[in-house]
Visitor: 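Dropping a structure here in structure tokens format, bear with me for questions.
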Amino acid sequence: MNTVHDPPASTTGTVVTKGLQQAMKPRQLVMMSLGGAIGAGLFVGSGAGIAVAGPAVLVSFLIAGFLVVLVMRMMGEMVAADPDSGAFSVHAENAMGPIAGRTIGWLYWVQVVIVVAAEATAAAAITAASIPAVPQWAAALAYMSVLTAVNLAGVSRFGEFEFWFAALKIVAIVAFLAVGSAMILGWIPSFDAPGLSNLTGHGGFAPNGVTGIAAGLLIVVFAFGGTEVMAIAAAETSEPRRNVSRAVRSIVWRILVFYVGSVLIMVAVLPWTADELATGPFVAVLNAAHVPGAGAVMTVVVVIALLSSLNAMLFSGSRMIYSLSERGAAAKVFGRVSGNGVPRVAVLASVTFGFVTVVLNYLAPDRVLPLLLNAVGSTILVLWTFVTVSQIVLRRRAERSGRTDLPLKMWGFPYLSYVALALLAAVAVLALFDDAARNQLFATLTFTCAITLACWVLGRRQRGAAADSTPEKTPETVG
């Protein structure tokens, strides 16, 4: 197996991915990398962050944004050097051994399976609330069926859906930034412009002090989950090394503009104590500007954001279990590829639990989403930690071997890599002081250890089977 910084030789920069088709267009990968960073966490979760930190939630978003930019850059360095459908799972295996790679691969796949179900449930719940004639279970079934069909149709169709999903989210945020800026500057006659007074009024910029900023960080850091899809999708583009470098470079300043800019508008336009900010910050600002139909428009945008995440998670989950199968860590059936380059069994396996939750949405619609979100817990912290450690190990290995011509390099190595590791540790420590987050963290760590043990047992059995199948050398066969 190739190490991450020693990819197969190629004169064109194109890496052949066994069985899968490299049919995703560069524009689709770039837009997907942006869309992955703009999920329901921004549209919904930002209100919860404002409620605990006040205007200082901007600091929480800056820290979380800085962390995700570092992780994306490290991930980009590894993917550009060694594109693979297993992405960070393969890189962890190259850096720390098969058990580490298989552990993070299976952990990620389980997370994806749950997220797919959670996103379908959330989108269906919003749809049912907006259109009472549509039962929640029926909306969930429709969303799951359509996006499963999209993933089975081929990577080019998936990429096109994600391109337009991401484009719609970006257009919505740009429009929001434009309206919000006009409100702050006093360009909307029906709104009494506050300037920047709301940033320091109502208890000051940080009304709950450092504790509030820390609590806000704990909430908003999980809003950036989903950015890792780019690393998995890169293997199915032409010239992945060049395209992933382009995608990673384009995402840095856009994260700051879209996330920090949006939150700045929220806390500048309305007092952070406003009840409507906590429940629906985007709608609250647009309603204050008297934008007609603001609630309906943002409802559509949030549903699109959820479906975009569902679509991308289903894609990445199917490719992860496909990669595990290719490496002997999952049943061979998951490695079968159809004529259009889709691992169909892997797609169906990744979506099965989502269809099970359709039944749960029928039986107990109000209890499904909280249970699913609790189950996902803190897996993003484990994933990013594996990415960071893998990058440090593989970069040092590359430097020792004298290789310096990496297509994309992590800034300020090794210092910024260790900064990322320290920030991840700090978030984990913060989680210990929050009851809900602490329970999720312990559950995630326990589950991770269980997967590690299972991978170790499987590895021992495979090595034992391989040894038993190897014929012993006798004096007659030796010579």
Visitor: Sub-3.5 Å donor-acceptor pair from the side chain of Trp106 to the main-chain atoms of Gly101, do we have one?
Guide: no
Visitor: So, the side chain of Ser309 versus the backbone of Leu306: is there a donor-acceptor pair under 3.5 Å, distance only?
Guide: no
Visitor: Would you say that Ile170 contacts Phe258 through its side chain, given a criterion of any heavy-atom pair below 4.5 Å between the two side chains?
Guide: yes
Visitor: Closer than 3.5 angstrom, by distance alone: can the side chain of Ser308 be matched with the main-chain N or O of Phe165 as a donor-acceptor pair?
Guide: no
Visitor: Going by heavy atoms in the side chains, are Tyr108 and Thr379 under 4.5 Å from each other?
Guide: no
Visitor: Look at the side chain of Ser417 and the backbone N and O of Phe413, then say whether any donor-acceptor pair between them is shorter than 3.5 Å.
Guide: no
Visitor: Can you tell if the side chain of Phe158 reaches within under 4.5 Å of the side chain of Asn311, non-hydrogen atoms only?
Guide: yes
Visitor: Checking His91 side chain against Gly86 main chain: does a donor-acceptor pair fall under 3.5 Å?
Guide: no
Visitor: On a heavy-atom basis, which atom in Ser89 and which in Gly105 lie closest, and how many Å separate them?
Guide: OG-CA, 3.6 Å
Visitor: Can you give me the closest heavy-atom contact between Ala48 and Ile219, atom names plus distance?
Guide: O-CD1, 3.7 Å
Visitor: Would you compute the distance between atom OG1 of Thr452 and atom CG of Leu445 and round it to the nearest 0.5 angstrom?
Guide: 10.5 Å
Visitor: Check this for me: does any side-chain nitrogen of one of Glu93 and Arg102 sit under 4.0 Å from a carboxylate oxygen of the other?
Guide: no
Visitor: So which atom in Asp84 and which in Ser323 form the shortest heavy-atom distance, rounded to 0.1 Å?
Guide: OD1-OG, 3.8 Å
Visitor: Main chain of Thr211, side chain of Asn208: is a donor-acceptor contact present, judged purely on distance under 3.5 Å?
Guide: no
Visitor: For Pro281 and Gly47, work out which heavy atoms get closest and say how close.
Guide: CG-N, 3.8 Å
Visitor: Starting from the C-alpha separation in whole Å, work towards a yes-or-no answer on side chain to side chain donor-acceptor pair (under 3.5 Å) for Ser318 and Arg344.
Guide: CA-CA 8 Å; Ser318 65; Arg344 287 182 179 173; over 6 Å; no
Visitor: Checking Ser390 side chain against Phe386 main chain: does a donor-acceptor pair fall under 3.5 Å?
Guide: yes
Visitor: About how many Å separate CG of Leu381 and OG1 of Thr448, when rounded to the nearest 0.5 Å?
Guide: 10.5 Å
Visitor: In the structure I gave you, are the side-chain heavy atoms of Leu168 and Val301 within less than 4.5 Å of one another anywhere?
Guide: no
Visitor: Considering only heavy atoms from C-beta outward, does the side chain of Val337 approach that of Val342 to under 4.5 Å?
Guide: no
Visitor: Is there a donor-acceptor pair closer than 3.5 Å between any side-chain N or O of Asn151 and the backbone N or O of Leu147?
Guide: yes
Visitor: Supply the atom-to-atom distance Ile232 CD1 to Met320 CE, rounded to the nearest 0.5 angstrom.
Guide: 4.0 Å
Visitor: Of the non-hydrogen atoms in Ala95 and Val393, which two are nearest, and what is the gap between them?
Guide: O-CG1, 3.6 Å
Visitor: Do Ser316 and Val112 come close enough that some side-chain heavy atom pair is under 4.5 Å?
Guide: yes
Visitor: Show the numbers, then the answer: is there a side-chain contact (heavy atoms from CB on, under 4.5 Å) between Thr121 and Gln136?
Guide: CA-CA 8 Å; Thr121 298; Gln136 184 170 317; 3.9 Å; yes
Visitor: Can you check whether Ala420's main-chain N or O pairs, donor with acceptor, with Thr388's side chain at less than 3.5 Å?
Guide: no
Visitor: How about Phe447 and Val110: do any of their side-chain heavy atoms sit closer than 4.5 Å?
Guide: yes
Visitor: Assess whether atom CH2 of Trp411 is packed by more than 12 heavy atoms of other residues, nucleotides or ligands within 6.0 Å.
Guide: yes
Visitor: Give a yes-or-no answer on whether the side chains of Tyr259 and Ser46 include a donor-acceptor pair shorter than 3.5 Å.
Guide: no
Visitor: To the nearest 0.5 Å, what is the distance between CZ (Phe163) and CD (Glu160)?
Guide: 6.5 Å
Visitor: Start with the C-alpha gap between Phe353 and Val116, add the side-chain angles, then the distance that decides, and say whether side-chain contact (heavy atoms from CB on, under 4.5 Å) holds.
Guide: CA-CA 8 Å; Phe353 183 66; Val116 164; over 6 Å; no
Visitor: Show the numbers, then the answer: is there a side-chain contact (heavy atoms from CB on, under 4.5 Å) between Arg73 and Gln391?
Guide: CA-CA 10 Å; Arg73 186 76 182 193; Gln391 187 269 336; over 6 Å; no
Visitor: Go through the steps for Phe355 and Leu141 under the test side-chain contact (heavy atoms from CB on, under 4.5 Å), then give the verdict.
Guide: CA-CA 7 Å; Phe355 281 105; Leu141 177 61; 3.9 Å; yes
Visitor: Might you confirm whether atom CZ of Arg157 has over 12 heavy atoms from other residues, nucleotides or ligands at distances under 6.0 Å?
Guide: no
Visitor: Flag the pair Arg395 and Glu399 as a salt bridge only when some basic side-chain nitrogen lies within less than 4.0 angstrom of an acidic carboxylate oxygen.
Guide: yes
Visitor: Measure from the side-chain N and O atoms of Glu77 to the backbone N and O of Met410, and report whether any donor-acceptor pair falls under 3.5 Å.
Guide: yes
Visitor: As a quick check of understanding, evaluate side chain to side chain donor-acceptor pair (under 3.5 Å) for Glu236 and Ser85, giving each step before the final call.
Guide: CA-CA 8 Å; Glu236 292 181 65; Ser85 60; over 6 Å; no
Visitor: Report the distance from atom CD of Glu119 to atom OG1 of Thr357, rounding to the nearest 0.5 Å.
Guide: 11.5 Å
Visitor: Compare every heavy atom of Ala349 with every heavy atom of Phe334, then report the nearest pair and how far apart it is.
Guide: CE2-CB, 3.5 Å
Visitor: Could you measure the distance from the CE atom of Met75 to the CG atom of Leu70? Nearest 0.5 Å is fine.
Guide: 12.0 Å
Visitor: Are Leu107 and Leu383 close enough that some pair of their side-chain heavy atoms sits under 4.5 Å apart?
Guide: no
